[in-house]
**Student:** 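One structure follows; several queries about it will come next.
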Amino acid sequence: QFYKIDEQKIKVVYQNCDDNFKTIKSDKEKFNVKSTYNLPDDFILYVGTISERKNLLQLIKAVEIIQTNQPINLVVVGNGKEYLSSVKKYIAEKKVGGVQFITNADFKDFPAIYQQAKCLVYPSFFEGFGIPIIEALYSKIPVITSQNSCFSEAGGNNSLYINPINEIEIADAIKSVINDNKQSNLMVDKGYQYALQFNNQQLANDMMKIYQS
């Protein structure tokens, strides 16, 4: 689209996520990470740079909607500048509770953070791929992400896809995941099976086929 390349000349080789996400952490490891970052018992998760393109503010608005009926915590792992300031200003003005920012997380602790979350919410407008989606699927948590762009390629058929500018739709998707264990478990099982295709051996095989062609 951007470089006006003939589609027939393009071959797609998907990338992988760090192998650290492919191991379920022990209860002790999870407890230590929970203590280190003072994580709440139950929370939904956002991971990524806090920039306008990543659309965190719309997720905050969805959390605000949910909190009118039930308590919910949001853990935000990432950092930002001007857009982060505008998000924090909105939180303060609207008195949105239960939002925790982690700006200094050690990457080795990421899997244990993911694995304690109820779901990952990734409402970005545009990505090259969306590695946090793969990280979440390997961590065996449900994924809620945006329609269009590349997100369905990363998330597969059993993630939930929302209109990223519609906070009501985001809120409804979150509630459906955290309040319906049957749906959540199905998303976890199917999502993990889908994620298994994103591995080093598959990547190497696909690259080799292109070289050989």
**Student:** Any cation-pi pair here, Lys54 with Phe125, using under 6.0 Å and within 45°?
**Tutor:**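 Judged by the rule, Lys54 and Phe125 form no cation-pi pair.
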**Student:** Who else is in Ile65's hydrophobic cluster (ILVMFWY, side-chain heavy atoms under 4.5 Å, direct or via others)?
**Tutor:** Ile168
**Student:** Would you mind reporting whether Tyr114 and Val47 have side-chain heavy atoms less than 4.5 Å apart?
**Tutor:** yes
**Student:** How about Ile141 and Lys118: do any of their side-chain heavy atoms sit closer than 4.5 Å?
**Tutor:**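 Sidechains of Lys118 and Ile141: no contact.
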**Student:** Show the numbers, then the answer: is there a side chain to side chain donor-acceptor pair (under 3.5 Å) between Asn179 and Gln70?
**Tutor:** CA-CA 10 Å; Asn179 295 329; Gln70 68 181 100; 3.0 Å; yes
**Student:** Please examine the side chains of Phe151 and Phe126, heavy atoms only from C-beta on, and report whether any two atoms are closer than 4.5 Å.
**Tutor:**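 Not touching, per the 4.5 Å side-chain cut-off.
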**Student:** Give a yes or no answer on whether the side chain of Tyr138 reaches the backbone of Ala195 with a donor-acceptor pair at less than 3.5 Å.
**Tutor:** yes
**Student:** Measure the shortest side-chain to side-chain distance between Leu74 and Val76 over non-hydrogen atoms and say whether it is less than 4.5 angstrom.
**Tutor:**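 Contact flag for Leu74/Val76 side chains = yes.
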**Student:** Other residues, nucleotides and ligands only: do more than 12 of their heavy atoms fall within 6.0 Å of CD on Glu52?
**Tutor:** no
**Student:** Give a yes or no on whether the backbone of Gly97 and the side-chain of Gln67 come within a donor-acceptor separation of less than 3.5 Å.
**Tutor:**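 Judged by distance alone, yes, a pair lies under 3.5 Å.
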**Student:** Treating Glu169 as the side-chain partner and Asn163 as the backbone partner, does any N or O pair qualify as donor plus acceptor under 3.5 Å?
**Tutor:** yes
**Student:** Parallel, tilted or perpendicular for Phe110 and Phe107, by the 30°/60° rule?
**Tutor:**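 Tilted.
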**Student:** How about Tyr194 and Asn158: does a side-chain donor come under 3.5 Å of a side-chain acceptor?
**Tutor:** no
**Student:** Distance only, no hydrogens: is a donor on one side chain within 3.5 Å (strictly under) of an acceptor on the other, for Asn20 and Lys25?
**Tutor:** yes
**Student:** Does Ser85 use its side chain to pair, donor to acceptor, with the backbone of Lys81 at less than 3.5 Å?
**Tutor:**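 Yes, because the side chain of Ser85 sits within donor-acceptor range (under 3.5 Å) of the backbone of Lys81.
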**Student:** Is any side-chain heavy atom of Leu137 closer than 4.5 Å to one of Tyr192?
**Tutor:** no
**Student:** Donor-acceptor check, side chain of Tyr83 to backbone of Leu57, threshold 3.5 angstrom: yes or no?
**Tutor:**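 Yes, because the side chain of Tyr83 sits within donor-acceptor range (under 3.5 Å) of the backbone of Leu57.
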**Student:** For atom NZ of Lys61, decide whether the heavy atoms of other residues, nucleotides or ligands shown that lie under 6.0 angstrom number more than 12.
**Tutor:**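 Yes, the 6.0 Å shell around NZ holds more than 12 heavy atoms from other groups.
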**Student:** Got a second to check how far Asp109's CG is from Asn32's CG, nearest 0.5 Å?
**Tutor:**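 So the CG of Asp109 and the CG of Asn32 are separated by 9.5 Å.
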**Student:** At their closest point, which heavy atom of Leu160 faces which heavy atom of Ala173, and how far apart are they?
**Tutor:** CD1-O, 3.9 Å
**Student:** Quick check: closest heavy atoms across Ala62 and Glu167, and the distance to 0.1 Å?
**Tutor:** CB-O, 3.5 Å
**Student:** Please check if the side chain of Ser184 supplies one atom and the backbone of Asn181 the other of a donor-acceptor pair under 3.5 Å.
**Tutor:** no
**Student:** Would you give the length of the straight line joining atom OG of Ser86 to atom NZ of Lys89, rounded to the nearest 0.5 angstrom?
**Tutor:**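 Answer for the OG-NZ pair, Ser86 versus Lys89, is 9.0 Å.
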**Student:** Identify whether the distance between the nearest side-chain nitrogen and carboxylate oxygen of Lys175 and Asp180 falls below 4.0 Å.
**Tutor:**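 No, Lys175 and Asp180 are not salt-bridged.
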**Student:** How about Ile24 and Gln115: do any of their side-chain heavy atoms sit closer than 4.5 Å?
**Tutor:**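 SC-SC contact between Ile24 and Gln115 confirmed.
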**Student:** Taking C-beta and beyond as the side chain, do Pro164 and Gln58 meet within less than 4.5 Å on heavy atoms?
**Tutor:** no
**Student:** Would you say Thr49's side chain and Ser51's backbone share a donor-acceptor pair under 3.5 angstrom?
**Tutor:**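 Looks like no, no N/O pair under 3.5 Å.
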**Student:** If we count only N and O atoms by modelled type, under 3.5 Å, do the side chains of Gln193 and Asp189 hold a donor and an acceptor together?
**Tutor:** no
**Student:** Show your working on side chain to side chain donor-acceptor pair (under 3.5 Å) between Gln197 and Tyr14 and close with a plain yes or no.
**Tutor:** CA-CA 9 Å; Gln197 70 178 301; Tyr14 289 115; over 6 Å; no
**Student:** Strictly distance-based, threshold 3.5 Å: is any side-chain N or O of Asn73 a donor or acceptor partner for the main-chain N or O of Asp42?
**Tutor:** yes
**Student:** Would you check if Pro40 and Val75 make a side-chain contact, meaning some heavy-atom pair closer than 4.5 Å?
**Tutor:** yes
**Student:** Measuring from atom CD of Gln15 to atom CD1 of Ile134, what distance do you get when rounded to the nearest 0.5 angstrom?
**Tutor:** 8.0 Å
**Student:** Is atom CD of Glu82 surrounded by more than 12 heavy atoms (other residues, nucleotides or ligands) closer than 6.0 Å?
**Tutor:** no
**Student:** Can you check salt bridge (Lys or Arg N to Asp or Glu O under 4.0 Å) on Lys9 and Asp6, steps first, answer last?
**Tutor:** CA-CA 6 Å; Lys9 297 174 69 174; Asp6 181 358; over 6 Å; no
**Student:** For the residue pair Gln100 / Tyr37, report whether a side-chain donor-acceptor contact shorter than 3.5 Å exists.
**Tutor:**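 Checked: Tyr37/Gln100 side chains show no N/O donor-acceptor pair below 3.5 Å.
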**Student:** Are a donor atom and an acceptor atom from the side chains of Asn200 and Asn16 found within less than 3.5 Å of each other?
**Tutor:** yes
**Student:** Quick one: does Glu29's side chain have a donor or acceptor within less than 3.5 Å of a partner on Ser26's backbone?
**Tutor:**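 Side chain of Glu29 to backbone of Ser26: a pair is present.
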**Student:** Decide if atom CG of Asn157 counts as having more than 12 heavy atoms of other residues, nucleotides or ligands within a radius under 6.0 Å.
**Tutor:**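 Counting other residues, nucleotides and ligands, CG of Asn157 stays at 12 neighbours or fewer.
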